[in-house]
Every structure is written in structure tokens, then in C-alpha cells.
Amino acid sequence: MSADDGTDSSGSTDSGDSAAHPTHDPHEGLGARLNWLRAGVLGANDGIVSTAGLVVGVAGATDTQSTLLASGIAGLLAGSLSMASGEYVSVSTQRDTEKAALALERKELAESPEAEFEELVGLYRDKGLTETTARRVSQELTAHDALGAHAQTELGINPDDLANPWSAAIASFVAFSVGALLPLLAIVLPPHGWRVPVTVVSVLIALVATGWVSARLGRAAPGRAIARNVVGGALAMGITYLVGTLIGKVD
């Protein structure tokens, strides 16, 4: 009898503590930070490739430093503002969806708390908890924060940490701008005759670095990511340079 009680008590306590505090999982916070970091690396990569393609294309038509600088700055601003605007719209839509789902959950909790409680019990039971433990965990979480318990378990939403469109927009703007600065500086700082070679080499080295970092953050083999980055960037610069050269000959 005592052995059975000890087993039940130990199992209930361990399972209850684990399920009752889902927001304290260190891997969840780490995963979110890695996602933001990976998004930043990819945003910088976009800035590198798009701006490099632009300035190298313009360099194919003209080698005037002021023209290259103006086109590079225009590309940097257009790209970063476009990225920021797109992120703001996208994350705002996500936030609106999360708020609507929370409002519906709040209404259901007010109108049918018993049914919602049984639903929560079922969700924890589906996660592998015993009926007794699932009910105990559900009772404790409901007493502490019913909406938070349902939102995180049923919807996968943390009511205290909704998606922030301004943070996403600013992060995209900064990441793209940082990436775009490399080809912009590489095309205007070297002397005449060295601008395109220096830009191409600098960009390819940067693409190797961003490909390696993005692969490591995603726990993937870096070879393919680096190859995709380098080939894509090289094609972008080669095609735009060819087009720029043809346009320059027409003039």
C-alpha cells in the first residue's frame, strides 16, 4: 500500500511540476532567440545579395563613383524599408489572429468553464499524463491562470508575449541595412578598375559566412547552405553585370 502511494505521489508530483510550468522550459526561450538570430542572418544575406546585384549591375554600365553611391544607397533604403514594411504587415496579421483567438477562448471560459476544464484535462491526458495527474495539473493551472493555461496548451500562444510587429520591422530593417553596407562600401571605396573585383570577392566571402552561420543555427550541414549562397550571389552579380554592360554599350 505504501509502495503504491509512494509511486503515485512521485509520479503525480513530477508530472504535475513539469506540466504546470510550461513557460519555464529553457529550450523554448533558446529556440525563440535562435529563430530571431537566424532571421537576422537571413535578412543580412538578402541585403548583401540584392545590393551587390544592384551596384555591380550599375557598375557594368558606368564606373562613376557618385552614380554607384547613389544607386547603392537607393537600393539599401528601398530594400530595408520594403523588408520592414513586409514584416510589419505580416506580424501585425499574426498578432491580430492571436488576439482574436484569445478573445474567443476568454468568451468560452466565461460561458462554459466546466467544458473548457474537461477539454484541458483531455489535452494533458493526450500528452501522456494519467487521468489523475491531468486533472490535478488542470486544476492548479486553472486556479492560477485559466486563460494562460488554455492559450498555451490549446493554442500555443503566450498571452503575455504576443508577436510584436514593430520589433520585427526594426529587426528586418537593421539586418538588411547591415548586409547591404558591405557591397555598397566595396563598390565605392576601391580605386577605379578594382571596384567590381573587390565587390565580388567581398560579397562571396560574406555569403560563405552567412551560409555557414545559418546552417549552424539550423543544425544542418553547412556545405549545401554555403554552396546555395555562393552560387545564388554569383549568378545575381553575373547577370546584373552583363545586363548593365549591355545597357552601357547602347548608351
Side-chain angles (χ1 to χ4, degrees), residues 35-91 168-218 220-251:
N35 285 335
W36 275 102
L37 184 56
R38 184 158 49 243
V41 171
L42 295 177
N45 191 82
D46 288 343
I48 293 170
V49 174
S50 62
T51 306
L54 174 62
V55 297
V56 169
V58 174
T62 177
D63 198 32
T64 306
Q65 187 180 46
S66 59
T67 302
L68 293 173
L69 180 62
S71 62
I73 292 176
L76 184 155
L77 290 175
S80 57
L81 289 171
S82 175
M83 289 281 290
S85 176
E87 278 297 301
Y88 181 83
V89 171
S90 175
V91 177
I170 293 171
S172 295
F173 181 90
V174 172
F176 188 97
S177 298
V178 169
L181 277 175
L182 173 67
L184 174 58
L185 295 176
I187 202 72
V188 299
L189 293 182
H192 177 80
W194 285 92
R195 289 171 181 164
V196 172
V198 168
T199 301
V200 170
V201 172
S202 300
V203 166
L204 293 182
I205 291 174
L207 292 178
V208 169
T210 56
W212 184 86
V213 172
S214 63
R216 298 309 298 168
L217 289 174
R224 287 187 177 181
I226 292 173
R228 286 194 298 264
N229 263 14
V230 171
V231 171
L235 284 174
M237 290 185 290
I239 292 172
T240 55
Y241 183 77
L242 176 62
V243 172
T245 302
L246 293 175
I247 294 174
K249 288 182 179 180
V250 171
D251 291 341

At their closest point, which heavy atom of [X] faces which heavy atom of [Y], and how far apart are they?
X      : Y      : value
Val196 : Ala59  : CG2-CB, 3.7 Å
Ile48  : Ala206 : CD1-CB, 3.8 Å
Met237 : Gly53  : CG-N, 4.3 Å
Leu184 : Gly72  : CD1-CA, 3.6 Å
Val198 : Ala186 : CG1-O, 4.1 Å
Gly43  : Met83  : CA-CE, 4.3 Å

List for me each residue that meets ring pair (Phe, Tyr, Trp, His ring centres under 6.0 Å) alongside Phe173, sequence neighbours excluded, and say none if there are none.
none

Atom pairs and distances, side-chain donor-acceptor, residues 64-71, under 3.5 Å, sequence neighbours left out:
residue	atom	partner	partner atom	Å
Thr64	OG1	Thr62	OG1	3.0
Gln65	NE2	Val188	O	2.6
Ser71	OG	Thr67	O	3.1
Ser71	OG	Leu68	O	2.9

Heavy-atom distance under 4.5 Å between the side chains of Arg195 and Val55, does that happen here?
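No. Closest side-chain heavy atoms not under 4.5 Å.
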
Does anything in [range] form a side chain to side chain donor-acceptor pair (under 3.5 Å)? List the pairs, not counting sequence neighbours.
range            : answer
residues 237-246 : none
residues 72-82   : none
residues 47-57   : none

Counting only pairs under 3.5 Å, give me each side-chain donor-acceptor contact of residues 221-232, with atom names and distances, residues two or more places apart or in other chains.
residue	atom	partner	partner atom	Å
Asn229	ND2	Asn45	OD1	2.9
Asn229	ND2	Leu207	O	3.1
Asn229	ND2	Thr210	OG1	3.0

